[in-house]
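Contents: one structure, followed by commentary.
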Amino acid sequence: MAKIETPRPVRGTQDMLGGTPEAFAERFAHVVATFDRVRRLYGFQRVEVPVFEQTAVFARSLGESTDVVSKEMYTFTDRGGDSITLRPEFTAGISRAYITEGWQQYAPLKVATHGPLFRYERPQKGRFRQFHQLDAEIIGAAEPGADVELLVMADQLLKELGISEGVTLTLNTLGDAESREAWRAALVAHFMGHRDQLSEESVDRLARNPLRILDSKDPRDRPVADSAPDIDAYLTDEARGFFEKVTAGLDAAGVAWERNPRLVRGLDYYRHTAFEFVTDRLGAQGTVLGGGRYDGLIENLGGPSTPAVGWAAGIERLAMLVEVLEIEATELVMLPDSDEDVHAAIFIQSVLRRAGLRCDMAFSGSSKKRYDKAKRSSAYRGLTISSADTEAFAVIRLRDLKAGAPPVRKRLRTALDSAFSWTENAETREFTLVRKF
RNA sequence: GCGAUCGUAGCUCAGUCGGUUAGAGCGCUGGUUUGUGGUACCAGAGGUCGUGGGUUCGGAUCCCAUCGGUCGCCCCA
């Protein structure tokens, strides 16, 4: 018979198993749970949007011809002939829903979501083809207070995850449309003047995406990039005022921030505030949480001119930074003394579990093997279950397996009450159980 | 799309100037120890050395190709 070949996992996808020493699945869940708790503190409503959309949703919002759209999306034609794309981000889908579901009536809308996203990229540390993000958006608020609120929430989230140490909020303004155009023109002029000193890649960027030269990693570009003009001189009074209100709000909330005049965005719809929480603990992927104001996006999608601001954070990246969590250990492992006691053990275990105790029992094995297995596991205690000489249901006894296990005897007594009348021998500490019903 | 690096048991790895039957620890399976208890003892299963080709009397080991993982570049919504 031909050997069946197991299909390999798709490149850039991950499988996460809980209960392992790395506890990655637990850390992942912890990040999500913390986000869900914090977003409620700020009054962000949970929103659910589809995992796939018509390709146009992302193509229009991102700009038809960018690399991202042409090369880095999971796009396919479905059976009905429609072009469908797996969401590479949350913002476009939420914006589409804002328009098509009439959510304008709730503006300003504060929403949060999380889930899987898909990008056709080469995987590396902290980058996957299916990955997961937390997302928060405020739609329909033009005030800098919205930017502040999102940043304060992000700051609290990172603090509550215990990873704010070594993570810095870096902040910039891209100005309003007028400021941005003036700055862009000045940058192009500056880079044209030093064209011969730029890397080949940056010469290419000059035509495609000149702002991106500013945050180039190539050391050859740094002198020219560092001497390029900041946006400050090109800001309109309005744009400057907006940015000042954002930074003043952060100061008022006690959120630490750093100005990074080299922080830019690849897409044209960004206005005013752009920010990233960065760290050096994730290899080449420094950004842990990033976002900004995208006042032009909803209009790009055919909606009314609507101001909006939001951020997203990679759950895997956050999970890599949080401490390894203590895995919730089994409290009681059933240890039937012989095969005849297995059914009694099954019943007792079901009673204890209904009462909220974390119990487990091996599927097979002699009492010795069961004991060995329990001893090697992380379980706190064993519960031996043996037949009684009398007509009693069973005799049970607690056995410590780990030093420093949290007390359980009191809860055990209460749990037993629900199904047994029992006596506890003060000397041997054995419980003799008699079924109530 | 480009580059570097790594692929040996379920896991972590040893073995590689070419030479008997490819090893260890952990895990797994079975057994022994008549037991308030041991991180015991014994045995066993499990490998096309990623895949294909080449050089050679002989390849896990050298060469080429290919696939896959990891990390980086590009890109970063």
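In what follows, chains carry the letters A, B, and so on, assigned in the order in which the sequence lines appear, proteins first and then strands, with residues in each chain numbered from 1.
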Length of the [atom1]-[atom2] vector between [X] and [N], whole Å:
| X | N | atom1 | atom2 | result |
| --- | --- | --- | --- | --- |
| Leu301(A) | A77(B) | CG | C1' | 13 Å |
| Lys217(A) | C71(B) | NZ | P | 14 Å |
| Arg129(A) | G69(B) | CZ | C1' | 13 Å |
| Arg212(A) | C75(B) | CZ | P | 8 Å |
| Asp15(A) | G69(B) | CG | P | 12 Å |

Going 5' to 3' through nucleotides 36-45 of chain B, assign each nucleotide B (protein heavy atom under 4.0 Å from a base atom), S (under 4.0 Å only from sugar-phosphate atoms) or - (no protein heavy atom that close).
BBB-------
Can you see whether Thr414(A) engages Arg411(A) through a side-chain donor-acceptor pair at a distance of less than 3.5 angstrom?
no
Any side-chain N or O of [X] below 4.0 angstrom from OP1/OP2 of [N]?
| X | N | answer |
| --- | --- | --- |
| Arg127(A) | C75(B) | no |
| Asn209(A) | C76(B) | yes |
| Gln124(A) | C73(B) | yes |

5′-ward residue of the pair Arg119(A)/Gln285(A) relative to RNA chain B
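It is Gln285(A) whose nearest nucleotide is closer to the 5' end.
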Mapping Gly12(A) and Arg205(A) to their closest nucleotides on RNA chain B, which lands nearer the 5' end?
Gly12(A)
Show your reasoning for whether side chain to side chain contact (heavy atoms under 4.5 Å, CB included) applies to Gln54(A) and Arg96(A).
CA-CA 10 Å; Gln54(A) 286 193 42; Arg96(A) 188 232 82 218; over 6 Å; no
Which class fits the ring pair Phe277(A) and Phe275(A): parallel under 30°, tilted 30 to 60°, perpendicular over 60°?
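Judged by the thresholds at 30° and 60°, the geometry between Phe277(A) and Phe275(A) is perpendicular.
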Watson-Crick/G-U partner (both atom distances under 3.5 Å) of U34(B)
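Checking every strand shown, U34(B) finds no partner, since no pair has both distances under 3.5 Å.
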C75(B): pairing nucleotide in any strand, Watson-Crick or G-U under 3.5 angstrom:
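Base-paired to nothing in any strand shown.
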Audit row: Leu174(A), Trp183(A), side chain to side chain contact (heavy atoms under 4.5 Å, CB included) steps and yes/no
CA-CA 9 Å; Leu174(A) 305 172; Trp183(A) 183 41; 4.2 Å; yes
For Ala141(A) and Pro108(A), work out which heavy atoms get closest and say how close.
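Shortest heavy-atom contact: CB-CB, 4.0 Å.
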Test applied, salt bridge (charged side-chain N to carboxylate O under 4.0 Å, His left out); reference residue, Asp400(A); option that passes from Arg381(A), Arg429(A), Arg409(A)
Arg381(A)
Side-chain donor/acceptor contact of Arg265(A) with base of C76(B) under 3.5 Å:
no
Check: Phe420(A) ring centroid to Phe431(A) ring centroid under 6.0 Å
no
